[in-house]
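In what follows, every heavy atom counts, from backbone to side chain, and hydrogens, waters and symmetry copies are set aside.
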Amino acid sequence: MAEYLGVSEYTVRAYAQRGEIPSFRLSTGPRAPLRFYLSEVRAHLTRPVDPFAAPRSRRRHSN
């Protein structure tokens with residue numbers, strides 16, 4: 001996935017952790033390997049973006 005996106009493996013893990021690209025783990029636990037479906041990542045990255053939506057970092061989360 002790193003090669004496809006043109007970024008480092010560390011960056012891919014960060015994207016997945018922040019939910020910027022869809023991923024899944026093969027087992028439970030924080031060190032479980034991440035896997036990606038290329039078709040899902042492509043669809044996620046090419047989806048239309050709402051220009052009026054607040055940036056992720058500025059959204060309020062209800063607790």
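The two atoms that bring Ser27 and Ala32 nearest to each other are O-CB, 3.3 Å, heavy atoms only. Scanning both residues, Pro22 and Phe36, for their nearest heavy atoms gives O-CD2, 3.3 Å.
The distance from the CZ atom of Arg35 to the CE atom of Met1 is 11.0 Å, given to the nearest 0.5 Å. Atoms CZ and CD, on Arg13 and Glu9 in that order, are 6.0 Å from each other to the nearest 0.5 Å.
Between the side chains of Arg42 and Tyr37, no donor N or O sits under 3.5 Å from an acceptor N or O.
The shortest side-chain heavy-atom distance between Phe24 and Leu34 does not fall under the 4.5 Å cut-off. The side-chain heavy atoms of Leu5 and Thr11, taken from C-beta on, include no pair separated by under 4.5 Å.
No donor-acceptor pair under 3.5 Å is formed between the side chain of Arg25 and the backbone N or O of Pro33.
Leu45 and Leu38 end up in the same hydrophobic cluster when Ile, Leu, Val, Met, Phe, Trp and Tyr side chains are linked at under 4.5 Å.
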